Amino acid sequence: MSTATLVHVVVSGLATGSIYALMALALVIIYNATRTLNFAQGDMLMVSTFAGWAAHRAWELPLIVTMLVAVAAAALLALVIERVIIRRSIAATHWDVLIITVGLSLMLRSAAGLVWTHEDQAFPSFFGDRPITLGPVKLAPVSLGIIGGSLALMLCLYGLFTHTRVGRAMRAVAQNQRGARLMGISVERVYSLSWVLAAAVGAIAGVLVAPVTFLSTKMGIVVINGFTAAVIGGFGSMPGAVAGGMLLGVIENLAPLYLPSGIRYSVPFLILVAILLVRPAGLFGRIEQRKV
Amino acid sequence: MKAALEIEDVSVYYGKRRALERVSVRVGEGEIVTLLGANGAGKSTVLRAVSGLVRPTGGRIVYAGRDITRWPADAIVAAGIGHVPEGRDIFPEFTVLDNLLVGGHTVARRELAGRLESAFELFPLLRERRRQPAGTLSGGEQQMLAMGRALVARPRLLLLDEPSLGLAPMLTREIFRVIRRINQSGVSVLLVEQNARRALGVAHRGYVLETGRLVVSGASRDLLEDQRVQTAYLGLRPPTEGAREGG
Ligand SMILES: Nc1ncnc2c1ncn2[C@@H]1O[C@H](COP(=O)(O)OP(=O)(O)O)[C@@H](O)[C@H]1O
Ligand SMILES: [Mg+2]
């Protein structure tokens, strides 16, 4: 296999991986604040991307506005879900809440099918079709666009979590809720904010990826890849989520070159099992110091 | 004296289990008041009720003239009550500096630098360790951090839960010296301590709790003389029994 092919495959792997990384970040943001694993994260992505698409069709919006509509829809959806459903089950076990989010995921999927369509839809792209040629290497603009857009979003998140008061408050809640309360942080507000932030990240990922994968009520399944990415990185670690996503994306794209082509869809599961066997704490895992 | 804090007939339950029954405690402005009692007597629960971590089933809590009984914890902090809890609840993955910055969550940005400076002045060790993850500090250092962090918000009333627990005698003296300094700067203090002698040494008045009820209260001087307090918390035997055993 030529180096050019390899570069091409790795770059598309990084593009896929960027989306996994964003999904993983969304899962980790909610998990760190609330200790809830939100199985509906992927379907929230799907619904908000659909909302953007519907607005785009109705009013012929520019794509950037379409993305903002998707983000706004995501924020609203997250706020409603968190306040109306999740907050009420705060006394339930994490397992119960996980089951609730599984139910939510199914509901969102059928609702999207009813309101919009179960057929796959084309989604407009920010990026052109003409491949970018670098010597022998041909790269799809959309791959580079997804990678660039995701990295920009990750940088924003990094800035938010390390350099703003609200970001520091969110990380404080992740470490010690009672301590955070005693510092005057409204833990409830951090819960809501985490859901909204995670959903917004998902919506941006959805708008970035939909031109490649098509818009579909089935696209929420990306939550599995996001979860795997987060586990690879050490669940709870944000740098880990990014590294795990990129790694998973690249392996998924490389594996069919060396192994039977059907292997691609089994990759997340194989890696998940391997990680749990070899290094349960993940790449960036550390000793659990938190009080539960 | 005007009251900084009035706890009136407060009862608290954990599920069906009663932790406090009609407890009343008053902290005057500028006062240090100590709560004494054996393990499980309900001392920490009193502090938790004040800072909004647990909800009383009866009674009321008045701070600076306002009934804060049902306020959420974050509003209570913002109103000027600092709580350094048992177990300290620091943020182990944050540096010392980040812990202090979270302590300033309710503080206006332009005042933050000055607040950090006064915390460092009170605990110079925190300045040296400011880049160190808080989880790697020793118990005594974590206690200083927990106190410094609460003080960044510049509370008018400070609730301290067993600040000397597990500390070496030298560190304990240091902590008590700082408590006195904080109080001299005008902060009222409600202090929970196992070390009754030290607590009564620094406090103006004290209350003794037994299984959720108040049994004795009074000026520290009087409590030090009180026979029940002497037997139960100061490790002194009642003179008559002592004489009998000795004879
Ligand atoms: N979270 C809790 N759940 C149930 N019972 C508790 C809880 N916290 C304290 N208690 C009980 O309430 C009583 C008072 O506890 P606490 O206020 O911590 O006492 P102290 O601080 O004087 O040692 C004890 O009997 C204790 O076992
Ligand atoms: Mg206690």
Side-chain angles (χ1 to χ4, degrees), chain A residues 28-29 31-35 83 87 90-93 158-194 233-241 281-282 284-292, chain B residues 15 44 47-48 50-54 71-95 97-109 112 115 133-137 142 145-155 158-161:
Chain A
V28 166
I29 287 169
Y31 177 81
N32 280 353
T34 66
R35 292 293 180 274
R83 296 299 288 269
R87 185 80 62 88
I90 215 151
T93 65
Y158 179 78
L160 175 81
F161 279 108
T162 53
H163 283 83
T164 70
R165 186 173 287 206
V166 66
R168 204 184 292 118
M170 291 173 81
R171 283 161 69 213
V173 168
Q175 292 170 65
N176 189 322
Q177 293 209 348
R178 191 176 45 196
R181 263 187 220 290
L182 291 179
M183 299 302 104
I185 294 167
S186 165
V187 173
E188 289 69 26
R189 207 169 299 155
V190 167
Y191 288 169
S192 296
L193 195 63
S194 304
F235 213 99
S237 158
M238 288 195 250
F284 288 60
R286 51 199 158 178
I287 315 287
E288 186 78 9
Q289 297 176 309
R290 300 185 180 110
K291 296 206 179 89
V292 182
Chain B
S44 299
L47 301 193
R48 286 183 207 130
V50 174
S51 59
L53 293 179
V54 298
W71 286 23
D74 53 291
I76 293 176
V77 175
I81 297 184
H83 182 174
V84 182
E86 201 174 41
R88 289 131 198 184
D89 286 333
I90 56 155
F91 306 111
E93 294 166 22
F94 276 168
T95 61
L97 185 61
D98 274 338
N99 268 274
L100 294 174
L101 285 171
V102 180
H105 185 77
T106 55
V107 174
R109 250 164 265 274
L112 210 45
R115 299 295 180 86
T136 65
L137 299 178
Q142 290 194 5
L145 176 57
M147 288 177 66
R149 187 182 62 168
L151 289 170
V152 172
R154 198 157 292 176
L158 190 60
L159 315 173
L160 295 172
D161 203 339

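Keep in mind it's a predicted model, so treat the numbers as computed, not measured. We name chains A, B, ... by the order of the sequence lines, and we start the count at 1 in each one.
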K.L.:
Report the residues that fulfil side-chain hydrogen bond (donor to acceptor under 3.5 Å, both in side chains) with Thr136(B), sequence neighbours left out, ordered by chain and then residue number.
P.N.:
Gln132(B)
K.L.:
What are the residues of residues 183-193 of chain A, in order of number, with any heavy atom under 4.5 angstrom from a heavy atom of chain B?
P.N.:
Met183(A), Gly184(A), Ile185(A), Ser186(A)
K.L.:
Could you check which of Asn99(B), Thr106(B), Val102(B), Ile90(B) has the highest count of heavy-atom pairs closer than 4.5 Å to chain A?
P.N.:
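Counting heavy-atom pairs under 4.5 Å, the top option is Val102(B).
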K.L.:
Could you pull out the closest heavy-atom pair between Ala169(A) and His105(B), with the gap in Å?
P.N.:
CB-CE1, 3.6 Å
K.L.:
Please list, chain by chain and in numerical order, all residues satisfying side-chain contact (heavy atoms from CB on, under 4.5 Å) with Ser51(B), sequence neighbours excluded.
P.N.:
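Counting only residues at least two positions away or on another chain, Ser51(B) forms a side-chain contact (heavy atoms from CB on, under 4.5 Å) with Leu182(A), Leu53(B), His83(B), Leu159(B).
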K.L.:
Among all residues two or more places apart in sequence or in another chain, which pass the side-chain contact (heavy atoms from CB on, under 4.5 Å) test with Ile76(B)?
P.N.:
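Listed in chain order: Ile68(B), Trp71(B), Ile81(B).
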K.L.:
Measuring from Arg171(A):CZ to Phe91(B):CZ, what's the distance to the nearest 0.5 Å?
P.N.:
11.0 Å
K.L.:
Does any backbone or side-chain atom of Arg109(B) lie under 4.5 Å from a heavy atom of chain A? Answer side chain, backbone, both or neither.
P.N.:
both
K.L.:
Keeping Glu93(B) on the side-chain end and Gln175(A) on the backbone end, is there a donor-acceptor pair under 3.5 Å?
P.N.:
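Between the backbone of Gln175(A) and the side chain of Glu93(B) there is no qualifying donor-acceptor contact (under 3.5 Å).
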